[in-house]
Amino acid sequence: MTSITDKTGILSDSIFIEKFVKFCIVGGSGVFIDFGITYICKELLRLNKYAANALGFICAATSNYILNRMWTFASTNPHIAEQYMRFIGISAIGLAINTSVIYLLHGRMKWNFYLVKLFAIGVVTIWNFFMNYLFTF
């Protein structure tokens, strides 16, 4: 197994895996936020399922940025607004991927909305980790 390099030199496999595990734990907290906001907006407020999905996703992305900045990547970059915008930009692309998966598997193939949403979150987790690892933090 080869080592993965970062901007400062060599990053060991174990550190990379540790960051990915932390990222997934943070993402797990985001799943609760995402599902909670989506459920409230879709079921209680009767918003369109795609709008509800977008609101849940954006709330979770903001929470995830804060937790990943502080814990996963321990970022001390003073340009927080720029870093946040990068994170949100990557998350927005993730949202497009997420919504496309939901549209294809739920809208077209009629699979269960929440099962499809969970699958879409898994796909987007991998996208978000690598893009944020390379470009945000």
Side-chain angles (χ1 to χ4, degrees):
M1 188 179 247
T2 60
S3 293
I4 297 166
T5 61
D6 68 4
K7 297 169 189 114
T8 62
I10 295 178
L11 182 65
S12 74
D13 294 333
S14 63
I15 293 171
F16 183 79
I17 291 168
E18 178 184 336
K19 286 185 184 302
F20 184 72
V21 168
K22 285 181 174 182
F23 191 85
C24 289
I25 291 168
V26 168
S29 72
V31 168
F32 287 105
I33 293 168
D34 191 338
F35 268 73
I37 298 295
T38 300
Y39 179 83
I40 290 167
C41 291
K42 182 180 178 289
E43 305 299 336
L44 301 179
L45 300 176
R46 303 285 184 207
L47 295 180
N48 172 281
K49 63 187 159 196
Y50 298 108
N53 181 60
L55 287 170
F57 194 85
I58 290 166
C59 289
T62 299
S63 170
N64 287 356
Y65 167 73
I66 294 165
L67 294 173
N68 279 312
R69 177 179 163 82
M70 293 178 358
W71 185 52
T72 305
F73 297 101
S75 177
T76 58
N77 183 339
H79 304 288
I80 294 171
E82 180 182 323
Q83 192 179 53
Y84 176 72
M85 291 311 294
R86 264 194 216 135
F87 190 90
I88 292 300
I90 289 166
S91 294
I93 295 169
L95 174 60
I97 295 167
N98 181 286
T99 301
S100 297
V101 169
I102 289 172
Y103 174 75
L104 177 66
L105 297 180
H106 174 69
R108 296 298 221 168
M109 298 178 75
K110 306 301 182 204
W111 293 6
N112 178 275
F113 177 78
Y114 290 105
L115 182 61
V116 168
K117 184 169 175 57
L118 189 61
F119 175 74
I121 288 168
V123 170
V124 172
T125 295
I126 294 170
W127 158 264
N128 282 347
F129 176 75
F130 282 104
M131 292 294 103
N132 282 300
Y133 175 79
L134 294 171
F135 299 110
T136 305
F137 300 105

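Excluded from the calculations below are hydrogen atoms, water molecules and symmetry mates; all remaining heavy atoms, backbone and side chain alike, are included.
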Output the distance between atom CG (Leu118) and atom CD1 (Ile102), rounded to the nearest 0.5 Å.
10.5 Å

Salt bridge (charged side-chain N to carboxylate O under 4.0 Å, His left out) filter on Arg86, not counting sequence neighbours, yields Glu82

If every non-hydrogen atom of Ser29 is compared with every non-hydrogen atom of Leu67, which pair is closest and at what distance?
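Looks like OG-CD1, 3.6 Å.
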
Is there a path of hydrophobic side-chain contacts, each under 4.5 Å between heavy atoms of I, L, V, M, F, W or Y residues, that connects Phe135 with Phe73?
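Hydrophobic grouping puts Phe135 with Phe73.
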
Determine, stepwise, if the pair Val124 / Leu95 fulfils side-chain contact (heavy atoms from CB on, under 4.5 Å).
CA-CA 8 Å; Val124 172; Leu95 174 60; over 6 Å; no

For Lys22, all residues meeting salt bridge (charged side-chain N to carboxylate O under 4.0 Å, His left out), sequence neighbours excluded:
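Listed in chain order: Glu18.
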
First locate atom CZ of Phe137, then atom CG of Asn77, and finally report the distance between them rounded to the nearest 0.5 Å.
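Between atom CZ of Phe137 and atom CG of Asn77 there are 9.5 Å.
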
Would Phe57 and Ile66 show up in the same hydrophobic cluster when neighbours are defined by side-chain heavy atoms closer than 4.5 Å?
yes

How would you list, by chain and number, every residue that makes a ring-ring contact (aromatic ring centres under 6.0 Å, His included) with Phe87, sequence neighbours excluded?
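Checked Phe87 against ring-ring contact (aromatic ring centres under 6.0 Å, His included); matches are Tyr65.
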
Once rounded to the nearest 0.5 Å, what's the spacing between atom CD1 of Ile126 and atom CZ of Phe23?
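Nearest 0.5 Å value for the CD1-CZ distance: 10.5 Å.
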
Would you check if the side chain of Thr62 reaches a backbone N or O of Ile58 as a donor-acceptor pair within less than 3.5 Å?
yes

Pair listing, salt bridge (Lys or Arg N to Asp or Glu O under 4.0 Å) test, anchored in residues 58-72, at least two apart:
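Matches after skipping sequence neighbours: none remain.
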
Partners of Tyr50 by ring-ring contact (aromatic ring centres under 6.0 Å, His included), sequence neighbours excluded?
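In terms of ring-ring contact (aromatic ring centres under 6.0 Å, His included), with neighbours along the sequence ignored, Tyr50 is linked to no residue.
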
With sequence neighbours left out, what residues match Ile121 under side-chain contact (heavy atoms from CB on, under 4.5 Å)?
Val31, Asp34, Phe35, Asn98, Lys117, Thr125

What do you reckon, are the aromatic ring centroids of Phe129 and Phe16 less than 6.0 Å apart?
yes

For the student: nearest non-hydrogen atoms of Thr38 and Ala52, plus distance:
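Minimum heavy-atom contact is OG1-O, 3.4 Å.
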
Side chains of Asn68 and Asn132: closer than 4.5 Å at any heavy-atom pair?
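Not in contact.
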
Holding to ring-ring contact (aromatic ring centres under 6.0 Å, His included), I want the full list of residues that pass it with Tyr103, two or more places apart in sequence or in another chain.
none

Going by the rule salt bridge (charged side-chain N to carboxylate O under 4.0 Å, His left out), which residues pair with Lys42 if we only count those two or more places apart in sequence or in a different chain?
none

With sequence neighbours excluded, tell me which residues meet side-chain contact (heavy atoms from CB on, under 4.5 Å) with Asn112.
Tyr114, Leu115

What residues form a side-chain contact (heavy atoms from CB on, under 4.5 Å) with Leu104, not counting sequence neighbours?
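Checked Leu104 against side-chain contact (heavy atoms from CB on, under 4.5 Å); zero matches.
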
Sorted by chain and number, sequence neighbours left out, side-chain contact (heavy atoms from CB on, under 4.5 Å) with Leu55 holds for Ile37, Cys41, Leu47

Report whether Phe32 and Leu44 are members of the same hydrophobic cluster (ILVMFWY, side-chain heavy atoms less than 4.5 Å apart, transitive linking).
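No, Phe32 and Leu44 fall in different hydrophobic clusters.
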
Closest approach of Asn128 and Ser91, non-hydrogen atoms and distance?
OD1-CA, 4.1 Å

If the condition is ring-ring contact (aromatic ring centres under 6.0 Å, His included), which residues does Phe119 pass it with, not counting sequence neighbours?
none

If you count the non-hydrogen atoms of other residues, nucleotides and ligands that lie under 6.0 Å from CH2 in Trp71, is the total more than 12?
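Atom CH2 in Trp71 is crowded, with more than 12 foreign heavy atoms closer than 6.0 Å.
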
